[in-house]
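This one's a predicted model, so the numbers in the text were calculated from it and none came from an experiment. Within every chain, numbering begins at 1; the chains are lettered A, B, ... in the order of the sequence lines, protein sequences first and strands thereafter.
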Number of protein chains: 2
Amino acid sequence: MGVTKTDIFSREDNLLARFAKALGHPARIAILRLLVQRQACICGDIVDEIPLAQSTISQHLKELKAAGLIKGEIEGAKVCYCIDETAWEVAKAALGTFLDSNTDCGANCC
Amino acid sequence: MGVTKTDIFSREDNLLARFAKALGHPARIAILRLLVQRQACICGDIVDEIPLAQSTISQHLKELKAAGLIKGEIEGAKVCYCIDETAWEVAKAALGTFLDSNTDCGANCC
DNA sequence: TCGTTTCATCGCAAAGATACGATTAATTAT
DNA sequence: ATAATTAATCGTATCTTTGCGATGAAACGA
């Protein structure tokens with residue numbers, strides 16, 4: 001298969017998983033970190049900073065855009081990427097709430 | 001390929017990506033939510049609650065354990081799973097700090 | 001003891017993810 | 001006009017993930 005059965009899970013769980021999946025690769029974390037540090041980034045700058053092929057970086061950017069975490073603006077021949085604050089806030093809230101759950105399992109086990 | 005080049009990224013970025021990847025499937029989110037709600041869970045209870053095959057659930061549990069997010073205690077023929085608070089706190093701190101980054105890209109773009 | 005329950009593991013099939021080079025289209029520089 | 005830069009896309013190879021049924025091993029119950 002290789003296909004996730006999204007239909008059997010809640011919308012919230014699917015949302016959380018989609019954001020987490022987008023963050024689930026070190027290259028994408030590194031890209032987002034660059035965008036945060038420099039406030040915005042020309043695609044070529046990212047290619048220079050991360051030792052992966054240009055086509056590979058472009059693919060990761062595409063996934064981050066599909067997840068809504070970034071947006072790109074065409075500036076002539078170049079493309080300027082930056083964090084999409086709206087979706088970023090949604091992701092922060094969703095993951096934050098989830099990770100803030102009470103994990104204490106009492107004295108009954110473990 | 002299909003193989004991630006972990007060696008070219010920082011330890012922190014790989015750590016973040018590993019946690020996020022573990023959270024990057026709705027079944028694993030659902031499992032963690034069950035463990036949080038019930039404080040602990042017998043494996044069979046999870047299989048009853050989530051409409052996936054027992055072997056599939058077992059595999060997701062294995063991945064969550066590999067990521068350190070849960071731990072299992074053998075109780076006779078059954079196995080009791082619960083959140084591993086130590087790693088959970090690490091994940092919460094790492095993801096929390098990352099997502100709390102200032103995402104304002106000023107007026108220069110986008 | 002023998003069957004049952006419980007869960008992990010194996011083997012398999014289908015689909016997705018990762019990475020690269022080559023190509024393409026658009027803009028910019030000469 | 002021509003060449004160079006920039007970034008997306010295509011095609012391809014390989015590895016990983018997802019999912020299931022079947023099998024195994026361990027503990028439990030009758």
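- Closest non-hydrogen pair, B:I50 versus B:A30, comes out as CD1-CB, 3.9 Å.
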Check nucleotides 26-30 of chain C for protein N or O atoms closer than 3.5 Å to its own N or O atoms and list the pairs.
| unit_1 | atom_1 | unit_2 | atom_2 | d |
| --- | --- | --- | --- | --- |
| C:dT27 | O3' | A:A77 | N | 3.2 |

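- Taking every heavy atom of both residues into account, A:D13 and B:I29 meet most closely at OD1-CG2, 3.4 Å.
- Side-chain atoms of A:W88 come within 3.5 Å of backbone N or O of B:L99 as a donor-acceptor pair.
- A donor-acceptor distance shorter than 3.5 angstrom exists from the side chain of A:T97 to the backbone of A:A93, with no hydrogens or angles considered.
- Mapping A:L61 and A:T6 onto DNA chain D via the closest heavy atom, the residue that lands nearer the 5' end is A:L61.
- Between A:K65 atom NZ and D:dT9 atom C1' the separation is 12 Å, expressed in whole Å.
- Residues B:K78 and B:E75 are not paired through a salt bridge, judged by the lack of any N-O separation under 4.0 Å between the basic side chain and the carboxylate.
- Note on the helix from C:dT1-D:dA30 to C:dT30-D:dA1: angle between the axes of the first and last five pairs equals 10°, rounded to 10 degrees.
- For B:I8, the CD1 atom sits in a packed shell: over 12 heavy atoms of surrounding residues, nucleotides or ligands are nearer than 6.0 Å.
- Across the protein-nucleic acid pair, A:E63 atom CD and C:dG16 atom C1' stand 10 Å apart, rounded to whole Å.
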Open item on the list: Protein within reach of the bases, or only the backbone? For nucleotides 9-15 of chain C, mark each nucleotide 5' to 3' as B, S or -, using heavy atoms under 4.0 Å.
Closed with: B---BBB
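- Distance, B:E73 CD to C:dC7 C1': 16 Å, rounded to whole Å.
- Residue B:H60 places none of its side-chain N or O atoms closer than 4.0 Å to OP1 or OP2 of D:dT17.
- D:dT18 atom P lies 12 Å from atom CD1 of B:I29, rounded to whole Å.
- For the pair B:D45 and B:R38, the salt-bridge criterion is met [side-chain N within less than 4.0 Å of a carboxylate O].
- Atoms OH (B:Y81) and P (C:dC7) sit 8 Å apart, rounded to a whole Å.
- Judged as a side chain to side chain donor-acceptor pair (under 3.5 Å), and not counting sequence neighbours, A:Q59 has no contacts.
- DNA chain C lies under 4.0 Å from no heavy atom of any residue of residues 17-25 of chain B.
- For A:T4 and B:F9, each mapped to the nucleotide of DNA chain C holding its nearest heavy atom, the one lying further toward the 5' end belongs to A:T4.
- Of the residues in residues 42-53 of chain B, B:I42, B:C43, B:G44 come within less than 4.0 Å of DNA chain C through at least one heavy atom, sorted by number.
- A:H25 and A:H60 have tilted rings, their planes meeting at an angle from 30° to 60° on a 0 to 90° scale.
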